Undergrad: 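I am attaching a structure below and will ask some questions about it afterwards.
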Amino acid sequence: MTKRIRKVTMLAIAGMAILSACTQKEVTLQVETKYGVLEGIEEDGVKKFLGVPFAQAPVGDLRWKAPQPVQAWEGIREAKAFSDDPMQPNIFGDMNFRGSGRSEDCLYLNIWTTAKTTADGLPVLIYFNGGGLMAGSGSEPRYDGSSIAKEGVIGVTANYREGVFGFFAHPELTAASDYKGSGNFGFLDQVAAIKWVKENIAAFGGNPDRITIVGESAGSFSVSLLMCSPLSKDLIAGAMLSSGAEVLPYEPSTQADADAAGVALLKEAGIASLADAMAIDADSLQKMLPPRGMANVVLDGYFMSESADAVFEKGQQAQVPLLAGWNSLEAHPMQALQGQAPTVQNYKNVLKGQFGDMTDEIFEAYGITTDEDVMSQKGFNLVSDLFTGFPTWKVCDYHAKSGQPVYRYHYMHARPQVSEKMGDKTAALAGGVREKTEEEKKAQQPDIAPGAVHSADIEYAMGTLDTNEYYDWQDEDYAISKLFLTYYANFCKTGNPNGEGLPKWSAITKDNLDAAPVMIIDVESKEVASPEKEKAYRTLEKFYRSKK
């Protein structure tokens, strides 16, 4: 190399170093976003920015309107404490919150990061809470982003309007909106949160092109829709579903039907008009219009113009890697049997009203042929699939056909016994604990469900076992949590959960659908392929399609 070439090369290298130094900034506890400066806190090596507004407060005239862009502020805004949680009644025993209260002014998100500079470009995970679209919050300890942040992924949780505040439709609201729709306000809040992260996360050391969204239960249903909505599908690099998806057999609502339901709801509550409803304070309105279970997405021509099934069938969803699964005890046969003896005949009888002429065929496909099968994993599988398993499977099936890698899991590990310090409490099927009945106190049976109940995976996957004091966590629980959290982190980083020292996890593709590889997550985690189970899902799909 001549002296001249060497000199030019050295100058070029020096120039690149100077450019890099100019374009990267240290991530401190004061971060400048596009809307103003935030000041967070640091704990155990993780910088936390809590209660960050991502939209204007949906109060006053903004109640039941799409979220509006957050207004800029002057000076330094403290982001050291969780905001108010969304309005909601006390529905689920497994929820506890760190918010300062509950109010309509709830559109805030929380960020956990270990980035040193803006050049770190860390991947990002945004978690949307479960709760039936009726309850929940990003402040819940089980969603805390500290553990995922220590794995090199920026953790984000975001509130969205719940219940009647997020999913109420009315013809006057529809007529007044720019897009001539209403009823999807909570979903639009989620879109607004993703957009805010996309715009601002680089200032926290994140990569705006490496955003993965995840949710459990209602949050999982939400993620399946966010994969399909034209407002959000191009904003993400990956998606993770935990127990649920809004596809077959779930059906969307037309705008007309949703509007009519809103009119009927006000009439039933004795509210004369929409104007009167707008004038009622949030606490009183919630008592008059309590949530009634998970709302169907409305085909509002804006968030969604057609069903998620239609979008997936055409392969028009987000073309990103997918990681999805559900738990081994999402529902229990005794819930269906309602006190009847757990026999095959009784099980068939209670489900015959749903399955009709296909009852025997479905039971055969699930291998439920003896009385012992009813209370075995076979019996659990059927009712669990009717709740969340089948639609989650169907999204995996759709998405693999589009050519994208799909990593499916079945979470099997039961929580340990309820901690002795909880006294006379026992595990609740949907998470958390409840008071023991007198019969349970006398029986002195172990407080362990025979499988992983709905929502039991959250603390394991997010590495937040210690935030739940109900249970007597053991070494095996922490080992499973470390595995699950590492899979999550790897997927956020590369779109592939695999990594050194982990059980190999193969992707489902359009070429292996009939014997799809599935990761069993338990004390001994391993990949399996079960053509028999795939046949059961196909049989259930045959039934659902026969009803369309």
Side-chain angles (χ1 to χ4, degrees), residues 33-36 51-74 77 79 82-88 99-110 128-129 133-139 158-197 199-200 222 226 229 231-232 255 258-259 262-263 265-266 269 271 273-289 291 295 297-298 300-304:
T33 73
K34 292 188 176 182
Y35 302 96
V52 178
F54 64 84
Q56 291 184 45
V59 300
D61 291 341
L62 296 183
R63 175 188 283 179
W64 294 324
K65 287 188 177 181
Q68 300 299 304
V70 65
Q71 295 179 328
W73 60 86
E74 294 183 0
R77 181 187 178 107
F82 292 97
S83 67
D84 279 355
D85 299 307
M87 289 296 299
Q88 59 194 277
S100 50
R102 297 179 189 177
S103 74
E104 286 185 271
D105 182 6
C106 64
L107 299 185
Y108 299 84
L109 54 77
N110 312 292
F128 294 111
N129 62 268
L133 302 180
M134 301 181 291
S137 171
S139 78
N159 293 346
Y160 56 94
R161 283 171 280 183
E162 305 282 354
V164 70
F165 298 95
F167 303 97
F168 175 72
H170 191 279
E172 292 179 40
L173 293 174
T174 297
S177 75
D178 293 338
Y179 56 93
K180 303 306 176 187
S182 64
N184 290 329
F185 304 116
F187 296 132
L188 293 175
D189 294 341
Q190 295 168 357
V191 173
I194 298 172
K195 287 183 175 179
W196 191 97
V197 172
E199 286 182 335
N200 294 280
S222 299
L226 293 166
S229 173
L231 304 181
S232 50
Q255 187 66 65
D259 287 347
V263 171
L265 185 62
L266 293 188
I271 301 174
S273 67
L274 178 66
D276 287 346
M278 289 286 290
I280 298 172
D281 68 89
D283 287 324
S284 299
L285 186 67
Q286 182 166 270
K287 294 175 183 176
M288 299 174 75
L289 301 175
V297 66
V298 180
D300 61 0
Y302 182 54
F303 179 68
M304 293 290 285

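Positions are given from 1, in the same order as the sequence printed here. All values reported here derive from a predicted model rather than from experimental measurement.
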Undergrad: Tell me, please, which residues at least two apart from Ser103 pass side-chain hydrogen bond (donor to acceptor under 3.5 Å, both in side chains).
TA: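 Applying side-chain hydrogen bond (donor to acceptor under 3.5 Å, both in side chains) to Ser103 gives Asp84.
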Undergrad: Taking salt bridge (charged side-chain N to carboxylate O under 4.0 Å, His left out) as the definition, give me every residue that meets it alongside Arg63, ordered by chain and number, with sequence neighbours left out.
TA: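 So Arg63 forms a salt bridge (charged side-chain N to carboxylate O under 4.0 Å, His left out) with Glu104.
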Undergrad: What is the minimum heavy-atom distance between Pro58 and Cys106, and which atoms define it?
TA: CD-N, 4.5 Å
Undergrad: Where is the tightest heavy-atom contact between Phe185 and Trp64, given as atom of each residue plus distance?
TA: CZ-O, 3.2 Å
Undergrad: So how far is it from Gln286 CD to Phe165 CZ, rounded to the nearest 0.5 Å?
TA: 5.5 Å
Undergrad: Is a donor on one side and an acceptor on the other found under 3.5 Å between the side chain of Gln88 and the backbone of Pro86?
TA: yes
Undergrad: Excluding sequence neighbours, so at least two apart, what forms side chain to side chain contact (heavy atoms under 4.5 Å, CB included) with Gln190?
TA: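 Only Phe128, Tyr160, Phe187, Ser222, Leu226 meet the side chain to side chain contact (heavy atoms under 4.5 Å, CB included) criterion with Gln190.
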Undergrad: Working to the nearest 0.5 angstrom, can you tell me the gap between Ile280 CD1 and Leu285 CG?
TA: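 Answer rounded to 0.5 Å: 5.5 Å.
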Undergrad: Quick one: salt bridge (Lys or Arg N to Asp or Glu O under 4.0 Å) pairs with a partner in residues 178-189, sequence neighbours left out?
TA: Arg161-Asp189
Undergrad: Hey, could you give me each pair passing salt bridge (Lys or Arg N to Asp or Glu O under 4.0 Å) that has a residue in residues 273-289? Not counting sequence neighbours.
TA: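 Non-adjacent pairs meeting salt bridge (Lys or Arg N to Asp or Glu O under 4.0 Å): zero.
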Undergrad: Between Trp73 and Pro53, what is the shortest heavy-atom contact and its length?
TA: CZ3-CG, 4.0 Å
Undergrad: Between Val52 and Ala79, which heavy-atom pair has the shortest distance, and what is it?
TA: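 It is CG2-CB, 4.2 Å.
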Undergrad: By ring-ring contact (aromatic ring centres under 6.0 Å, His included), which residues pair with Phe82, not counting sequence neighbours?
TA: none
Undergrad: Quick one: side chain to side chain contact (heavy atoms under 4.5 Å, CB included) partners of Ala57, sequence neighbours excluded?
TA: Val59, Asp105
Undergrad: State whether the side chain of Asn184 and the backbone N or O of Phe303 hold a donor-acceptor pair below 3.5 Å, judged by distance alone.
TA: no
Undergrad: Under the side chain to side chain contact (heavy atoms under 4.5 Å, CB included) test, which residues partner Leu62, sequence neighbours left out?
TA: Gln56, Lys65, Gln68
Undergrad: Hey, are the side chains of Phe54 and Leu107 touching, using non-hydrogen atoms and a 4.5 Å cut-off?
TA: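 SC-SC contact between Phe54 and Leu107 confirmed.
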Undergrad: If you measure from CG on Leu265 to CD1 on Ile271, what distance do you get to the nearest 0.5 Å?
TA: 7.5 Å
Undergrad: Restricting to non-hydrogen atoms, name the atom on Gly181 and the atom on Ser177 that form the minimum distance, rounded to 0.1 Å.
TA: N-OG, 2.8 Å
Undergrad: Please name all residues satisfying side-chain hydrogen bond (donor to acceptor under 3.5 Å, both in side chains) with Tyr302, sequence neighbours left out, ordered by chain then number.
TA: none
Undergrad: Does Ser139 have any side-chain hydrogen bond (donor to acceptor under 3.5 Å, both in side chains) partners at least two apart in sequence or in another chain, and if so, which?
TA: Asp85, Ser137
Undergrad: Any donor and acceptor pair, going by atom type alone, linking the side chain of Asn110 with main-chain N or O of Gly51 inside 3.5 Å?
TA: yes
Undergrad: Restricting to non-hydrogen atoms, name the atom on Pro171 and the atom on Val263 that form the minimum distance, rounded to 0.1 Å.
TA: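 So the minimum-distance heavy-atom pair works out to CD-CG2, 3.5 Å.
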Undergrad: List for me each residue that meets side chain to side chain contact (heavy atoms under 4.5 Å, CB included) alongside Ala169, sequence neighbours excluded, and say none if there are none.
TA: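 Testing Ala169 for side chain to side chain contact (heavy atoms under 4.5 Å, CB included), a comparison that skips the adjacent residues, returns Ser182, Gln255, Ala258, Asp259.
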Undergrad: Run the ring-ring contact (aromatic ring centres under 6.0 Å, His included) test against Tyr108 and tell me which residues pass, sequence neighbours left out.
TA: none
